[in-house]
Amino acid sequence: MPQSRSVSLLSIYPHITSRDRRLLQLLDDHQVLTTDQIHRMLFLARRTCQIRLGELAALGLLDRFRFARAGGGSHPWHWILGHQGHRFQAAAHRRPEPTVRTSRQSVDRLSANPNLTHLLMANEFFVRLTVHARQHPQARLDRWWSETTTTKQFRTITADGHGLWSVAEATVGFFLEADTGTEPLGRVVAKLDRYAQLIRRSGPRYPVLLWLSSEQREEHLHQLLRCPRGDVPVATATHDADPTEAVWLPAGATGRVRLAELPSDHGQPVADNPNYDDGVFVP
């Protein structure tokens, strides 16, 4: 449970490491991560991860919830910012001081969010990229934007996330559409019209990654993609594939390529393209 608001953040600072700060920022940006996701991104030993998460929860920096599993047992812990975590992030980014009530409401609303599974799925995609970059010095996830940040920055699209992925000297921007398998494929394809609008406004021409729940669904989707959707590059892969490897099948192609090999154009340095600052590309 969150600690009292009267607890001074200054008394907590000596207990916060640089890794803790990174975790707090990740949860501030992306709302929720499971124990397994945090372990793979930030820790070597799972037990060390579990102990540290418990310590951060005791400090009020983190909170957690989990659900019962059908047939018995429980699903993994889902970690989110606790009240002190919300206060810490608000101070770091010069946002208004949150109340205990607003912190509690954020926990309740997120735990009851019907799109929680979809949110975790989208986060998992970027977790896998982060883990790969951790293990391969030439690879970098230069940008990981949430759905909220992506929509705010690019305005006309509502992608599940946006990233910049670099391997050696090659950098590929992309938009993620994480598919749970419940949405009609026609509606999935219709989303591409908004990306076409972005390209026409001199925005980035990034591949739209359709991350699908099954090979059968992927096959059916490519049948729909035979009709061009403007100038939007599209590539598909399934959830069980490593997104950094040669698993991406571009629309109209017969062979799969790596994420870093997909075509990518950062767009023109126009006023509403967030890739540029005073005409200079900013990763």
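Atom CZ of Arg101 has 12 or fewer neighbouring heavy atoms from other residues, nucleotides or ligands inside a 6.0 Å radius. Remark: Gln138 CD is loosely packed, at most 12 non-hydrogen atoms of other residues, nucleotides or ligands lying under 6.0 Å away.
From Gln268, atom CD reaches atom CG of Asn275 across 11.5 Å, with rounding to the nearest 0.5 Å. Distance CG/Leu81 to CG/Leu62: 7.0 Å, rounded to 0.5 Å. Atom CD of Glu124 sits about 5.0 Å away from atom CD of Gln37, to the nearest 0.5 Å. The CG atom of Leu176 lies 15.0 Å from the CH2 atom of Trp145; values are rounded to the nearest 0.5 Å. Here OG1 of Thr149 is found 11.0 Å from CZ of Phe154. Values are rounded to the nearest 0.5 Å. The distance from atom NE2 of His86 to atom CZ of Arg104, rounded to the nearest 0.5 Å, is 9.5 Å.
Counted by atom type alone, Thr238 and Asp240 present one or more donor-acceptor pairs between their side chains at under 3.5 Å. Side-chain N/O atoms of Gln25 and Arg22 include no donor and acceptor closer than 3.5 Å. Judged by distance alone, the side chains of Thr180 and Thr182 do bring a donor and an acceptor atom under 3.5 Å apart. Of the N and O atoms on the side chains of Ser103 and His83, at least one donor lies less than 3.5 Å from an acceptor on the other residue. If you check the side chains of Ser11 and Ser8, you find no donor sitting under 3.5 Å from an acceptor.
Scanning all heavy atoms of the two residues, the minimum distance from Thr151 to Ile157 falls at OG1-O, 3.5 Å. Contact record, Val32 with Asn123: O-ND2, 3.0 Å, taken as the closest heavy-atom pair. Across all their heavy atoms, Phe125 and Pro243 have their closest contact at CE1-CB, 3.5 Å.
Using the six-membered ring where Trp is involved, Phe67 and Phe65 have ring planes that are perpendicular, over 60° apart on the 30 and 60° scheme.
Taking the six-membered ring where the residue is Trp, the centroids of Phe174 and Tyr195 are separated by 6.0 Å or more.
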Residues 49-56, side-chain donor-acceptor partners within the protein, below 3.5 Å, at least two apart:
unit_1, atom_1, unit_2, atom_2, d
Arg52, NE, Asp20, OD1, 3.2
Arg52, NE, Asp20, OD2, 3.3
Arg52, NH1, Glu55, OE1, 2.8
Arg52, NH2, His15, O, 2.6
Arg52, NH2, Asp20, OD2, 2.4

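Evaluation of the side chain to side chain donor-acceptor pair (under 3.5 Å) test over residues 256-266, restricted to residues two or more places apart or in two chains, returns Tyr206-His266, Glu218-Arg256, Glu245-Arg258.
The side-chain heavy atoms of Ser146 and Asp29, taken from C-beta on, include no pair separated by under 4.5 Å. Inter-residue side-chain proximity for His118 and Glu183 is flagged as unmet; no heavy-atom pair is nearer than 4.5 Å. Looking at His132 and Leu129, their side chains never come closer than 4.5 Å, going by heavy atoms from C-beta outward. The side-chain heavy atoms of Phe88 and Leu59, taken from C-beta on, include no pair separated by under 4.5 Å. Between Arg200 and Asp231 the shortest side-chain heavy-atom distance does not fall below 4.5 Å.
The ring-ring contact (aromatic ring centres under 6.0 Å, His included) search around Phe43 returns none, not counting sequence neighbours.
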